[in-house]
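To start, the structure itself, in structure tokens.
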Amino acid sequence: MEKIVVNGGKKLHGKVQISGAKNAAVAILPGVILADGVCRIENIPNIMDVNLMATILHQMGARVNRINKSTLEIDPTYIRTPIATYDLVRHMRASSYLMGALLGKFSRAEVALPGGCDFGVRPLDQHLKGFGVLGAEHSVVGGMINVKAEHLTGGHIYLDVVSVGATVNIMLAAVKAEGRTIIENAAKEPHIVDLANFLNSMGADVRGAGTDVIKINGVKHLTGTVYSIIPDQIEAGTYMVAAAATGGDVLVQNVITKHLESITAKLREMGVEVDEYEDSVRIRRNGSLHRCNVKTMPHPGFPTDMQPQIAALLSIADGTSIVNEAVWDNRFRYVDELKRMGAAISVDGKIAVIEGVKELIGAPVKATDLRAGAAMIIAALAASGTTYIEDIHHIERGYEEVVDKFAALGADIRRVYSDDPIVHTA
Ligand code: EPZ
């Protein structure tokens, strides 16, 4: 079993390059299905979720050619089937985007119910509601969702809840539907805007992405394109918080500072110095960390995907902080792992009360999901002693070369292979 081992207590210093955005990449790759020609996607992160999505496209018949570490060329014109089988799809939540893309291309789709991070119920009702407004019917048979329409026509969709996935899926289905589609209460995340820009680079007509009303005029054809993915807001935020946690001095490069505003504001509130430059941010922390309260919200609020990471930082702040996870039902599974390191956190439903402690102590812990795993690395870097992190496949899903990037910042971190599962003391 592979583990990440960290000897904590070292201040991070130096420069780190941020990779392309995972949540943009896993929406854009299904979007390639809609093209009538070859798509070249640049600045794509070399992570498990991207490689899994590329494998699914290949399995469906697309020609997938890796040009280099961060560039894929995909010819979707060989895809003849609207079916995405269970064996691969079930591993990743973003596979649900294949529904919208296949529906947009073939007016039908058959996709396995997706898997992904487990933090409570992850429904698809808003996705299916949107498809219904476009004229599609759906049924669930044997773990597969079947969606089909005689003819996709645009419509006016009101999302009952701000949903990134539903916004993405409806955009993918609507860009070739006949007539106009309006999505009200749409998600405004940077990856929604990136998907819209990608689709428009193929000849789509998507307006208003980044606001809560997206208007789409359907077009008959979408061409191949060359498109470069935006930097990853959450990867950048993770390294910013890690620099603050270790009291270091780190330049986080290749970012869009506007995407980081809520994270920057929260770090400054905690007494962390954040200097913004054109495409980088510098993080320094010399004094103590101040307590503060955090409530996760859809963009431009504080991102839920940064919640475990900021909680790890608050674990060593002066005073008591409150974290309110307002997006997901159960995104505090990592708290038990932080408590193995001495964190003083109590969770009641969507609220975590964090009493800052002087220091965390290294221990054997698990990554319970992608961002929880990132939080464990942050806690381990700040802790004294050695931390062993198991189940690191969760982390590899969304962080490119995570051990190398932290090691280059001066962390004593390495990946080890050991088949003796760590016995957690009760
Ligand atoms: C996307 O998940 C991200 N995943 C998640 O990031 C992120 O946490 C989430 O958006 C919120 O920003 C990808 O982009 C691949 P949602 P998604 O639909 O689309 C409810 C990571 O760490 N809802 O915006 O599944 C839902 O229960 C991952 O990179 C419905 O009720 O999230 C939740 O409470 C983890 N019905 C809220 O909306 C629906 O049909 C937001 O979910 C859909 C969602």
Side chain of [X], backbone of [Y]: donor and acceptor closer than 3.5 Å?
| X | Y | answer |
| --- | --- | --- |
| D49 | G398 | no |
| T223 | M202 | yes |
| R108 | K105 | no |
| D194 | I230 | yes |
| T246 | A242 | yes |
| N46 | S70 | no |

ask   = Under the side-chain hydrogen bond (donor to acceptor under 3.5 Å, both in side chains) criterion, do Q309 and T238 qualify, and how do the steps go?
value = CA-CA 7 Å; Q309 299 93 311; T238 300; 3.1 Å; yes
ask   = Take atom NZ in K215; do more than 12 heavy atoms of anything else shown fall under 6.0 Å from it?
value = no
ask   = So with a 6.0 Å cut-off around CZ of R207, is the heavy-atom count from everything else above 12?
value = no
Taking C-beta and beyond as the side chain, do [X] and [Y] meet within less than 4.5 Å on heavy atoms?
| X | Y | value |
| --- | --- | --- |
| L313 | L267 | yes |
| V323 | N293 | no |
| M240 | I263 | yes |

query = Who are the salt bridge (charged side-chain N to carboxylate O under 4.0 Å, His left out) partners of E355, not counting sequence neighbours?
reply = none
message = Using the salt bridge (charged side-chain N to carboxylate O under 4.0 Å, His left out) criterion, which residues pair with K295? Sequence neighbours excluded.
response = none
ask   = Going through the distances and angles, do D369 and H394 end up as a side-chain hydrogen bond (donor to acceptor under 3.5 Å, both in side chains)?
value = CA-CA 5 Å; D369 65 59; H394 288 298; over 6 Å; no
By the definition side chain to side chain contact (heavy atoms under 4.5 Å, CB included), identify the one residue from [options] that meets it with [X].
| X | options | answer |
| --- | --- | --- |
| S96 | V89, L113, N169 | N169 |
| Q126 | D160, I170, N185, T167 | D160 |
| V335 | T368, V347, I354 | V347 |

ask   = Once the angle between the rings of Y239 and F406 is folded into 0 to 90°, is it parallel (under 30°), tilted (30 to 60°) or perpendicular (over 60°)?
value = tilted
Under 3.5 Å side-chain donor-acceptor pair for [X] and [Y]:
| X | Y | answer |
| --- | --- | --- |
| N51 | R66 | yes |
| T304 | E325 | yes |
| Q59 | T85 | yes |

Pairing of [X] and [Y] as salt bridge, 4.0 angstrom limit:
| X | Y | value |
| --- | --- | --- |
| K350 | D329 | yes |
| E337 | K366 | no |
| R331 | D305 | yes |

Acceptor/donor pairs from residues 273-282 side chains to any protein atom, 3.5 angstrom cut, sequence neighbours excluded:
residue : atom : partner : partner atom : Å
D275    : OD2  : R284    : NH2          : 2.5
R282    : NE   : D249    : OD1          : 2.9
R282    : NH2  : D249    : OD2          : 2.6

Review item, side-chain donor-acceptor pairs of residues 18-36, under 3.5 Å, at least two apart:
residue : atom : partner : partner atom : Å
S19     : OG   : E400    : OE1          : 2.6
S19     : OG   : K405    : NZ           : 2.8
D36     : OD2  : H221    : ND1          : 2.9

Step-by-step salt bridge (charged side-chain N to carboxylate O under 4.0 Å, His left out) determination, R40 to E42 = CA-CA 6 Å; R40 181 185 174 97; E42 298 175 346; 2.9 Å; yes
Only pairs under 3.5 Å count here: list side-chain donor-acceptor contacts from residues 144-156, not counting sequence neighbours, and write none if there are none.
residue : atom : partner : partner atom : Å
H151    : NE2  : E178    : OE1          : 2.4
H156    : NE2  : Y158    : OH           : 3.4
H156    : NE2  : E184    : OE2          : 2.7

query = Taking only residues at least two apart or on different chains, which pairs with a member in residues 189-217 satisfy ring pair (Phe, Tyr, Trp, His ring centres under 6.0 Å)?
reply = F198-Y227
task = Evaluate the side chain to side chain contact (heavy atoms under 4.5 Å, CB included) criterion for residues Q307 and Y334: first the C-alpha distance (whole Å), next the side-chain angles of each, then the deciding distance (0.1 Å), finally the verdict.
result = CA-CA 11 Å; Q307 184 260 93; Y334 65 90; 2.3 Å; yes
inquiry  = Walk me through whether E269 and R291 qualify under salt bridge (charged side-chain N to carboxylate O under 4.0 Å, His left out).
reply    = CA-CA 8 Å; E269 200 181 327; R291 49 91 37 221; 5.6 Å; no
